[in-house]
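Note: hydrogens, waters and symmetry copies are ignored here, and every other heavy atom, side chains too, is used.
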Amino acid sequence: MLLLLSVAAWQDFRSYRISNTLVFSGALLGVLLNTFLPVGIGFTESLMGWGIGLLLLLPLYLLRMMGAGDVKLMAMVGAFVGTNDIISVFLYTLIAGGIIALVVALQRGVLRRLMDNFIFMFLSVLSVNKSKPSKDNLSVLEEAPDSVGKLPYGIAIAVGTITSLAINHSTLMID
């Protein structure tokens with residue numbers, strides 16, 4: 001999985017795209033290894049991890065805040081780590097993504113616009129009437145400020161996954 005994540009992060013960094021071949025073959029490998037290796041988490045657990053990984057980032061894709069490759073990469077990770085770890089991976093990925101977004105915004109000189117966009121999204125969520133969708137509620141999306149640019153989120157997924165696994169599966173040796 002770490003090799004697949006490294007390749008995906010590199011692809012995303014270079015071209016803002018992650019190969020379907022990489023994520024689909026990686027997901028299949030995750031399910032097969034977890035099914036047939038004695039230390040695996042099992043077929044059902046692996047498949048459920050894949051599904052949860054897919055669902056976690058799907059809303060961001062539907063809102064056009066993330067690419068499809070990133071969603072499929074998180075699903076691939078879920079196939080390897082299963083349901084017990086995918087939420088932790090997701091949370092560490094969000095943290096890594098936020099840090100990377102800040103660094104990239106600083107580098108590109110668009111930190112102010114990034115902060116304005118964040119405030120706009122936060123206030124938009126608070127102002128939308130959740131009881132009944134209307135044309136007025138949807139107009140908020142049409143008024144959205146300009147994007148600060150693309151972000152190779154595959155890097156955040158790789159960093160978040162590695163961090164989660166290192167923290168959650170490390171053992172401390174105390175004398």
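- Ile95 and Leu151 sit in two unconnected hydrophobic clusters of ILVMFWY residues. Membership requires side-chain heavy atoms under 4.5 Å apart, directly or through other members.
- In this structure the side chain of Tyr153 never reaches within 4.5 angstrom of the side chain of Leu73, judged on heavy atoms.
- Among all heavy-atom pairs drawn from Gly49 and Ile86, the shortest one is O-CG1, 4.2 Å.
- In this structure Asn20 satisfies the side-chain hydrogen bond (donor to acceptor under 3.5 Å, both in side chains) test together with Lys72, sequence neighbours excluded.
- Hydrophobic clustering (ILVMFWY, side-chain heavy atoms < 4.5 Å, transitive): Met66 and Leu62 are in one cluster.
- Between Ala9 and Gly154, the closest heavy-atom pair is CB-O, 4.0 Å.
- The neighbour count for Tyr61 OH, taken as heavy atoms of other residues, nucleotides or ligands under 6.0 Å away, does not exceed 12.
- Using a 4.5 Å cut-off on side-chain heavy atoms (C-beta onward), Leu22 and Gln11 make contact.
- Looking at heavy atoms from C-beta onward, Leu29 lies in side-chain contact with Phe80 at the 4.5 angstrom threshold.
- Within a 6.0 Å sphere centred on CE of Met48, heavy atoms belonging to other residues, nucleotides or ligands number 12 at most.
- Hydrophobic clustering (side-chain heavy atoms under 4.5 Å, transitive across Ile, Leu, Val, Met, Phe, Trp, Tyr) groups Val71 together with Leu4.
- Here the closest non-hydrogen pair linking Ala79 and Ala27 is CB-O, 3.6 Å.
- For Arg108 against Lys150, the heavy-atom pair with the smallest separation is NH1-O, 2.9 Å.
- Taking CE from Met76 and CG from Leu54, the interatomic distance works out to 13.0 Å, rounded to the nearest 0.5 Å.
- Looking at heavy atoms from C-beta onward, Ile52 lies in side-chain contact with Ile87 at the 4.5 angstrom threshold.
- Asp12 has its side chain within reach of Asp70: a pair of non-hydrogen atoms, C-beta onward, lies under 4.5 Å apart.
- Cluster annotation: Ile41 is not connected to Leu56 through the hydrophobic network of ILVMFWY side chains, with a link wherever side-chain heavy atoms come within less than 4.5 Å.
- Looking only at distances, a side-chain donor or acceptor of Ser25 sits under 3.5 Å from a matching main-chain atom of Thr21.
- At least one side-chain heavy atom of Met1 sits under 4.5 Å from a side-chain heavy atom of Leu165.
- Put simply, the side chain of Ser6 gets close to the backbone of Leu2: a donor and an acceptor are under 3.5 Å apart.
- Here Thr83 pairs with Glu45 under the side-chain hydrogen bond (donor to acceptor under 3.5 Å, both in side chains) rule; sequence neighbours left out.
- Considering all non-hydrogen atoms of both residues, Asp85 and Asn168 come closest at OD1-ND2, 4.3 Å.
- For the pair Leu114 and Val104, the minimum side-chain heavy-atom distance is 4.5 Å or more.
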Taking it one step at a time, do Phe90 and Leu57 satisfy side chain to side chain contact (heavy atoms under 4.5 Å, CB included)?
CA-CA 9 Å; Phe90 173 69; Leu57 293 183; 3.6 Å; yes
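- Using a 4.5 Å cut-off on side-chain heavy atoms (C-beta onward), Val31 and Phe43 make contact.
- Here the straight-line distance linking atom CD1 of Ile119 with atom CE of Met115 works out to 6.0 Å at 0.5 Å rounding.
- Here the CD1-CD1 distance, from Ile155 to Ile99, works out to 13.5 Å after rounding to the nearest 0.5 Å.
- Cluster membership check: Leu94 shares its hydrophobic cluster with Leu5, using side-chain heavy-atom separations under 4.5 Å among Ile, Leu, Val, Met, Phe, Trp and Tyr.
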